[in-house]
K.L.:
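Following this message is one structure expressed as structure tokens.
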Amino acid sequence: MHYYLCWVAQYGVNIKYFVEKVPLGTGGALLAVKNYLQDTFLVLYADVYSDLNINHFYDFHLNNDSEISIVVHPNDHPYDSDIVQIKNNRVVKFSSHPHSGNAKKNLVNAAMYLVNKSSLSNLSSTKKTKFDIAQNMFPELLNKKVKIAPYKTSEYIKDMGTPDRLKNVNE
């Protein structure tokens, strides 16, 4: 593993880069750098465009006694999204994509998370295969009774991870 440190003086930010020798997946990469993270940290995927109010999301996280808070929203492509099932303001199940072509619109994982680092303490960073946050890590944490709260929002959030979706976001 390689780490790179860079100082972005213009913004007063210290950035460390982590380069995987072997692709670890989103969860594997997160676990590989967890010792560098704050007690509570924000995870944002690079292929999601949003005008989400981060302050409201953070307040929600603090006020809901959750170890992890995830942004969920309805979208127009649930067949290739991770659908989130909730009960009593808690996530109870993740249904990973792909779904059948007639999947109904529902609440989907928007790939934005606030995480208390302590919630990751029982997960191993030495996974032998790719380890995805939504498809592997969250279900494992639910099995370990980690409290995951859904931040339901209608704020603008768009997946731009395909050429067609990127074009729609640009338009």
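Basis for what follows: all heavy atoms, side chains included, without hydrogens, waters or symmetry-related copies.
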K.L.:
Show your working on side-chain contact (heavy atoms from CB on, under 4.5 Å) between Val92 and Leu142 and close with a plain yes or no.
P.N.:
CA-CA 7 Å; Val92 294; Leu142 284 176; 6.0 Å; no
K.L.:
What I'd like to find out is whether the side chain of Pro150 reaches to under 4.5 Å of the side chain of Leu107, using heavy atoms alone.
P.N.:
no
K.L.:
May I ask you to list the residues sharing a hydrophobic cluster with Val22, side-chain cutoff 4.5 Å, ordered by chain and number?
P.N.:
none
K.L.:
Output the distance between atom CG (Leu31) and atom CG (Leu123), rounded to the nearest 0.5 Å.
P.N.:
5.5 Å
K.L.:
Membership question, hydrophobic clusters at under 4.5 Å side-chain separation (ILVMFWY): are Phe131 and Phe41 in the same one?
P.N.:
yes
K.L.:
Would you say that Val108 contacts His73 through its side chain, given a criterion of any heavy-atom pair below 4.5 Å between the two side chains?
P.N.:
yes
K.L.:
NZ/Lys130 to OG1/Thr26 distance, rounded to the nearest 0.5 angstrom?
P.N.:
10.0 Å
K.L.:
Tell me which one of Ile68, Val115, Val84 satisfies side-chain contact (heavy atoms from CB on, under 4.5 Å) with Ile148.
P.N.:
Ile68
K.L.:
Tell me the closest heavy-atom pair linking Ser69 and His61, and the distance in Å.
P.N.:
OG-ND1, 2.7 Å
K.L.:
Taking everything shown except Asp164 itself, do over 12 heavy atoms lie less than 6.0 Å from its CG?
P.N.:
no
K.L.:
Return yes if a side-chain donor-acceptor contact under 3.5 Å exists between Asp39 and Asn116, otherwise no.
P.N.:
no
K.L.:
Same cluster for Ile54 and Phe60 if Ile/Leu/Val/Met/Phe/Trp/Tyr side chains link at under 4.5 Å?
P.N.:
yes
K.L.:
Could you tell me which non-hydrogen atom of Ala149 sits nearest to which non-hydrogen atom of Asn64, and how far apart they are?
P.N.:
CB-CB, 4.5 Å
K.L.:
Give a yes or no on whether Lys117 atom NZ has more than 12 heavy-atom contacts from other residues, nucleotides or ligands under 6.0 Å away.
P.N.:
yes
K.L.:
Without swapping roles, check the side chain of Asp51 against the backbone of Tyr156 for a donor-acceptor pair under 3.5 Å.
P.N.:
yes
K.L.:
Test side-chain hydrogen bond (donor to acceptor under 3.5 Å, both in side chains) on Ser118 and Ser121; report intermediate values, then the result.
P.N.:
CA-CA 5 Å; Ser118 60; Ser121 62; over 6 Å; no
K.L.:
Output the distance between atom CZ (Phe57) and atom CG (Leu114), rounded to the nearest 0.5 Å.
P.N.:
4.0 Å
K.L.:
Measure the NZ-CG distance between Lys167 and Asn170 for me, rounded to the nearest 0.5 Å.
P.N.:
10.0 Å
K.L.:
Leu37 and Leu30: side-chain contact (heavy atoms from CB on, under 4.5 Å), yes or no, with the steps?
P.N.:
CA-CA 9 Å; Leu37 301 172; Leu30 177 64; 3.7 Å; yes
K.L.:
Between Glu67 (side chain) and Lys147 (backbone), is there a donor-acceptor pair under 3.5 Å?
P.N.:
yes
K.L.:
Return the set of residues passing side-chain contact (heavy atoms from CB on, under 4.5 Å) with Thr153 (not counting sequence neighbours), or none when no residue passes.
P.N.:
Leu52, Val71, Tyr151, Glu155, Ile157
K.L.:
Dump the intermediate steps for side-chain contact (heavy atoms from CB on, under 4.5 Å) on Leu141 and Leu120, then the final yes or no.
P.N.:
CA-CA 8 Å; Leu141 290 172; Leu120 306 178; 4.1 Å; yes
K.L.:
Between Leu24 and Phe18, is a side-chain contact (heavy atoms from CB on, under 4.5 Å) present by the stated rule, with each step listed?
P.N.:
CA-CA 11 Å; Leu24 302 171; Phe18 170 70; 4.0 Å; yes
K.L.:
Any side-chain heavy atom of Met112 within less than 4.5 Å of one from Val43?
P.N.:
no
K.L.:
Spell out, as yes or no, whether a donor-acceptor pair under 3.5 Å connects the side chain of Asp132 to the backbone of Ala134.
P.N.:
yes
K.L.:
Hey, could you give me the CE/OH distance between Met160 and Tyr49, rounded to the nearest 0.5 Å?
P.N.:
8.5 Å
K.L.:
Output the distance between atom CD1 (Ile70) and atom NZ (Lys152), rounded to the nearest 0.5 Å.
P.N.:
11.5 Å
K.L.:
Under the side-chain contact (heavy atoms from CB on, under 4.5 Å) test, which residues partner Asp47, sequence neighbours left out?
P.N.:
Tyr45, Asp159
K.L.:
Between Phe138 and Tyr113, is the gap from one ring center to the other below 6.0 Å?
P.N.:
yes
K.L.:
Do any N or O atoms from the side chain of Asn88 and from the backbone of Arg90 form a donor-acceptor pair under 3.5 angstrom?
P.N.:
no
